Novice: 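What follows is a structure written as structure tokens; I'll ask about it next.
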Amino acid sequence: MNKRTLYSVIAALILLGVYSYEYFLNEEKQAEIVKDGKHVKNNTNEYFLPTSTTGQIVHHEGYSLSYSESHEQAEWVAYELKKSHLSNANFKRPYFEIDKAVKTGAADWRNYKKSGYDRGHLCPAGDRRYSQFAHDETFLTSNISPQDHQFNAGIWNSLEQKTRYWASKYDGVFVVTGGVLKGNMKTIGDEHVSVPNQFYKVLIDNNTGKTKMIAFLLPHKDSNKPLYEFVVSVDTIEKLTGIDFFSELDDAIENELEASSRYKDWSF
DNA sequence: CTGAAGTGC
DNA sequence: GCACTTCAG
């Protein structure tokens with residue numbers, strides 16, 4: 001081996017070492033930040049999580065949620081719906097399971113049996129069709145809320161399909177959704193699962209350059225009205241639920257976007 | 001797509 | 001409890 005070759009080999013080894021070391025550091029850094037939550041902007045799923053009014057946030061692989069023990073359901077379920085998540089795969093519906101990750105005990109699916117209400121998905125099965133695991137994971141009782149069938153299969157389904165359309169059109173959206181767990185509510189089952197009188201869905205698109213958001217507040221009954229008639233400001237949902245959305249955004253941007261109920265930036 | 005419910009082992 | 005079938009919007 002001549003000197004020139006030797007130097008090249010040494011240089012290559014040094015470079016390899018430096019890159020390995022940096023890679024190792026990055027891995028550690030990533031793990032650390034993901035663990036601590038919202039501080040990683042490139043981890044959208046953590047970055048846009050809302051606050052919890054109940055103190056019980058549970059993370060699953062396909063979505064996160066904040067569980068309300070008193071109402072036996074999530075106050076919000078949040079997940080990123082990427083364009084790449086969209087799929088036509090048709091998995092068989094599994095049985096609902098009690099979410100063991102909920103420390104206070106998630107509701108039993110039997111509360112819903114013969115109640116007259118659907119086990120309405122919050123993170124829809126249709127949004128997690130990219131794998132069997134992700135699909136089946138939506139069938140946890142922490143991810144469902146009692147919904148009138150006409151509502152669930154009607155305007156709520158329309159909104160979910162519209163969300164998938166936007167995820168495709170805008171290369172992904174971040175979704176936060178749930179029932180409004182306030183006021184006088186009917187309950188079902190031995191565990192008294194509350195039946196929300198309203199459901200909301202808040203979307204943010206942070207992928208197409210200019211950040212935009214839109215929020216919907218729907219009475220718990222089917223409607224033939226167009227979806228845009230149910231658009232409200234994010235502030236409205238925050239006041240109603242006590243949940244703080246997108247607090248990690250720059251305050252000026254957050255304040256401006258959350259006060260607005262314009263929907264012109266969203267294609268209906 | 002969103003779901004429930006009946007039948008049989 | 002689970003698989004299979006049938007049904008509703």
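Per chain, numbering begins at 1; letters A, B, ... match sequence-line order. Side chains are part of it too, since the values below use all heavy atoms of this structure and drop only hydrogens, waters and symmetry mates. Remember, predicted model here, so these are calculated numbers, not experimental data.
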Novice: Rounded to whole angstroms, how far apart are CZ on A/Arg93 and P on C/dA3?
Specialist: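 For the pair A/Arg93 CZ and C/dA3 P, the rounded distance is 15 Å.
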
Novice: Stepwise, does the salt bridge (charged side-chain N to carboxylate O under 4.0 Å, His left out) test hold for A/Asp171 with A/Lys83?
Specialist: CA-CA 5 Å; A/Asp171 194 25; A/Lys83 188 173 183 177; 5.5 Å; no

Novice: Looking for any heavy atom pair under 4.0 Å, which part of the strands does A/Asp127 touch: base, sugar-phosphate only, or nothing?
Specialist: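 The residue A/Asp127 makes no contact with any strand.
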
Novice: Of A/Glu72, A/Gln56, A/Glu75, which is the lone residue that meets side-chain hydrogen bond (donor to acceptor under 3.5 Å, both in side chains) with A/Tyr67?
Specialist: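 So, applying the side-chain hydrogen bond (donor to acceptor under 3.5 Å, both in side chains) to A/Tyr67 and each of A/Glu72, A/Gln56, A/Glu75, only A/Glu72 qualifies.
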
Novice: Can you tell me whether the side chain of A/Tyr112 and the base of B/dA4 have a donor-acceptor pair closer than 3.5 Å?
Specialist: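 Answer no: no donor N or O sits under 3.5 Å from an acceptor.
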
Novice: Establish, with yes or no, whether the OP1 or OP2 oxygen of B/dC1 is under 4.0 angstrom from a side-chain nitrogen or oxygen of A/Arg164.
Specialist: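 So the side chain of A/Arg164 is outside the cut-off, no N or O lying under 4.0 Å from OP1 or OP2 of B/dC1.
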
Novice: Quickly work out the A/Arg128 CZ to B/dC1 P distance and round it to whole Å.
Specialist: 15 Å

Novice: With a distance cut-off below 6.0 Å to the six-membered ring centre and an angular limit of 45° from the axis, does A/Lys82 pair with A/Tyr130 as a cation-pi contact?
Specialist: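 Because its charged atom misses either the 6.0 Å distance or the 45° angle limit, A/Lys82 does not stack over A/Tyr130.
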
Novice: Rounded to whole angstrom units, what separation is found between the CD atom of A/Gln161 and the P atom of C/dG9?
Specialist: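 These atoms are roughly 18 Å apart.
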
Novice: Taking atom C1' of B/dG3 as reference, at what distance in whole Å does atom OH of A/Tyr95 sit?
Specialist: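 It is 14 Å, rounded to the nearest whole Å.
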
Novice: Rounding to a whole Å, what distance do you find between A/Tyr165:OH and B/dC1:C1'?
Specialist: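 The distance from OH of A/Tyr165 to C1' of B/dC1 comes to 18 Å, rounded to the nearest Å.
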
Novice: Quick one: does A/Val175's side chain get under 4.5 Å of A/Val173's, heavy atoms only?
Specialist: yes

Novice: Could you state the atom-to-atom distance from CH2 of A/Trp109 to P of C/dC2 in whole Å?
Specialist: 9 Å

Novice: May I ask you to verify if any side-chain N or O of A/Arg119 is less than 4.0 angstrom from the OP1 or OP2 atom of B/dG3?
Specialist: no

Novice: To the nearest angstrom, how far is A/His149 atom NE2 from C/dA8 atom P?
Specialist: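 So the NE2-P distance, A/His149 to C/dA8, works out to 10 Å.
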
Novice: OP1 or OP2 of B/dG3 sitting under 4.0 Å from any side-chain N/O of A/Asn152?
Specialist: yes

Novice: For A/Ala153 and A/Ser115, take the nucleotide of DNA chain B holding the closest heavy atom to each; which residue's nucleotide lies nearer the 5' end?
Specialist: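 The residue mapped nearer the 5' terminus is A/Ala153.
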
Novice: Tell me which of A/Arg110 and A/Asp222 sits closer to the 5' end of DNA chain C, going by the nucleotide each one is nearest to.
Specialist: A/Arg110

Novice: Give the rounded distance in Å between these two atoms: CD of A/Gln147 and P of B/dA4.
Specialist: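 So the two atoms are 10 Å apart, to the nearest Å.
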
Novice: Got a salt bridge between A/Lys221 and A/Asp148, using NZ or NE/NH1/NH2 to carboxylate O under 4.0 Å?
Specialist: no

Novice: Hey, does A/Gly120 reach any base, or is it just sugar-phosphate, or nothing, if we go heavy atoms under 4.0 Å?
Specialist: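 Here A/Gly120 touches the backbone only, sparing every base.
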
Novice: Determine: side-chain N/O of A/Lys113 to OP1/OP2 of B/dG3, distance under 4.0 Å, yes or no.
Specialist: no

